[in-house]
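Just the heavy atoms: all of them, side chains too, but no hydrogens, waters or symmetry mates, feed the values below.
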Number of protein chains: 2
Amino acid sequence: MSRQSEKSLSQTLRAALGVRDLLYSGTFRPGERLSEIALSDRLGLSRTPIRAALARLEQEGLVEVIPSGGYAVRTFSEADIIDAIELRGVLEGTAARLAAERGISDDYLNAISNTLRELDEIVAPPVAELDFERYHECNAVFHDQLRNLSGSTIIRQEIERVTNMPFADPSAFLKAQVDFPEFRASLQVGQEHHRAIIDAVAKREGARAEALAREHARLAKRNLDYVMKNQILKDSVPGLFLVAV
Amino acid sequence: MSRQSEKSLSQTLRAALGVRDLLYSGTFRPGERLSEIALSDRLGLSRTPIRAALARLEQEGLVEVIPSGGYAVRTFSEADIIDAIELRGVLEGTAARLAAERGISDDYLNAISNTLRELDEIVAPPVAELDFERYHECNAVFHDQLRNLSGSTIIRQEIERVTNMPFADPSAFLKAQVDFPEFRASLQVGQEHHRAIIDAVAKREGARAEALAREHARLAKRNLDYVMKNQILKDSVPGLFLVAV
DNA sequence: GGGTCAAAAATTGTATACAATGAGAAGGAA
DNA sequence: TTCCTTCTCATTGTATACAATTTTTGACCC
């Protein structure tokens, strides 16, 4: 059977990816029922893996259970997004604080310092020339290193869970930030935050590291606020259409 | 079919409860493979609901995926427990802080104050007469109210998730606390924390509320430390046998 | 005795069938 | 029209069958 034969992923995984893609591409409206049969037809899979995928996406928070049976696209409120962003700040802050308190190895510090330097390079030139793709990737690397900084599996998993929510990801507003000049300054502010967080961790200043990580996440709240006021911008944030007006 | 006919829960739910019970009762050793067939035989269900239950328990963190297929009992380290407790403190602290910052309704405040008064009554008499069952229930109510205090669904769900881990629950060490006199004093300290947290929330002192909730969770760490040193006590903490020595 | 290879047994992943419930349409009464 | 009732159809939850792959057993060789 196709457990993992070459390029052929498990059907269940393929289903999860497929349904998630459908959700993100806006194929269904918030609150709409997700018919297992329709999905299995569309993705060319049987109902079993679809069903497993839906159960998984429910735990991820993208779909919700209908009491009478089945699943529906989850609807979010703006307050949910704000809370999710706040929560990311709190968790990344905890990762940073614990890293500061418990200490980190030189290897880790070097690795994340290298990422910082690369981000510096990317952000340094005049905003007009900013390399979007490179920034996106490098920012993801930084936040990945940050959530591993404390060395705690439990913390990392929890951050990953929250970050899975479409609009709570550290890069959620990146597209909006790059496409609209008035946003770009916040990229440099963000990079300043990055530096300060790692500086605090290196100096074992736990409280400072935690506070900074929280403040860093709050940049996203500001972006959200702006984006919500401009219909045009909304489409640049993945999954934002899941938010009920 | 048996969607929810009277007392008959869905088979999937029954499977989840059944497997969890088996895990908690120590039927399987940490790391041991959980055979779907064995489980379905044992619980008198078909493999389908068992499989769904296992997928769910994996998200809850009780079982883990075996790369070659299937599930195994998850193994925890002592560090995992410490981190989970710390995380609970952080999240409950966030709930308290947000409640303080955003304000809570008089109804909520009254409700949780009533719980506080009841806990006072329970803890007041000489320790020898402490009503275990009543304390257990009342403590659960308090922590439930606490995690709803901010009114945020996202926060509440996240606390519930972490609290699902067997040893991160606020009542995890209760049995040990009651059975062993040297522990009982910590119940009164805990109640003092409860009072202070709510006082801080009512006065909108967010930072204080957050710090207190964290410190409250750290009581559990102290208990853990003590329990880990005494083999006899270990059995009084649910799921602690999942911890690798 | 230990290690390697091969065959057998066990176990999973997936597809499909079926019964029971829920949702929705059609139709009638007010 | 609007509301209620009934009937039909669609959809889910569950069981089971089957193929593929792991894992284990056992034999053989060094």
Please name the residue in the list R20(A), M165(A), R56(A) that meets the side chain to side chain contact (heavy atoms under 4.5 Å, CB included) test with L62(A). R20(A)
State which residue, out of L23(B), I81(B), V73(B), fulfils the side chain to side chain contact (heavy atoms under 4.5 Å, CB included) condition with L242(B).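 Going through the options one by one, the only one that passes is V73(B).
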Once you round it to whole Å, what is the distance between [atom2] of [N] and [atom1] of [X]?
X      : N       : atom1 : atom2 : value
Q11(A) : dA19(D) : CD    : P     : 16 Å
L54(B) : dT14(D) : CG    : P     : 15 Å
E36(A) : dG13(D) : CD    : C1'   : 9 Å
R56(B) : dG13(D) : CZ    : P     : 12 Å
L39(A) : dA10(D) : CG    : P     : 17 Å
I37(A) : dA17(C) : CD1   : P     : 13 Å
Y71(B) : dT12(C) : OH    : P     : 10 Å
I50(B) : dG13(C) : CD1   : C1'   : 16 Å

OP1 or OP2 of dT23(D) versus the side-chain N and O atoms of S68(B): is any pair under 4.0 Å?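 For S68(B), the contact criterion (side-chain N or O under 4.0 Å from OP1 or OP2 of dT23(D)) is met.
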Ignoring backbone atoms, establish whether T48(B) has a side-chain N or O less than 4.0 Å from OP1 or OP2 of dT14(D). no
Tell me which nucleotide among [options] gets nearest to the side chain of [X].
X      : options                   : result
R51(B) : dT16(D), dT12(D), dT14(C) : dT14(C)
S35(B) : dT11(C), dA15(D), dG13(D) : dT11(C)
T12(A) : dT14(D), dA15(C), dT14(C) : dT14(C)

How close do L149(B) and I112(B) get, counting heavy atoms only, and between which atoms? CD1-CD1, 4.2 Å
Looking only at heavy atoms, which two atoms of T75(A) and G31(A) are closest? And how far apart? OG1-N, 3.6 Å
With nearest nucleotide decided by heavy atoms, which residue, G70(B) or I66(A), maps closer to the 5′ end of DNA chain C? G70(B)
Nearest-nucleotide comparison on DNA chain C, the residue closer to the 5′ end among L13(A) and R47(A): L13(A)
What I want to check is whether an N or O donor and acceptor connect the side chain of R33(A) with the base of dG22(C) at under 3.5 Å.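 No such pair is found, so the answer is no.
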Decide if the gap between the ring center of F167(A) and the ring center of F76(A) is smaller than 6.0 angstrom. yes
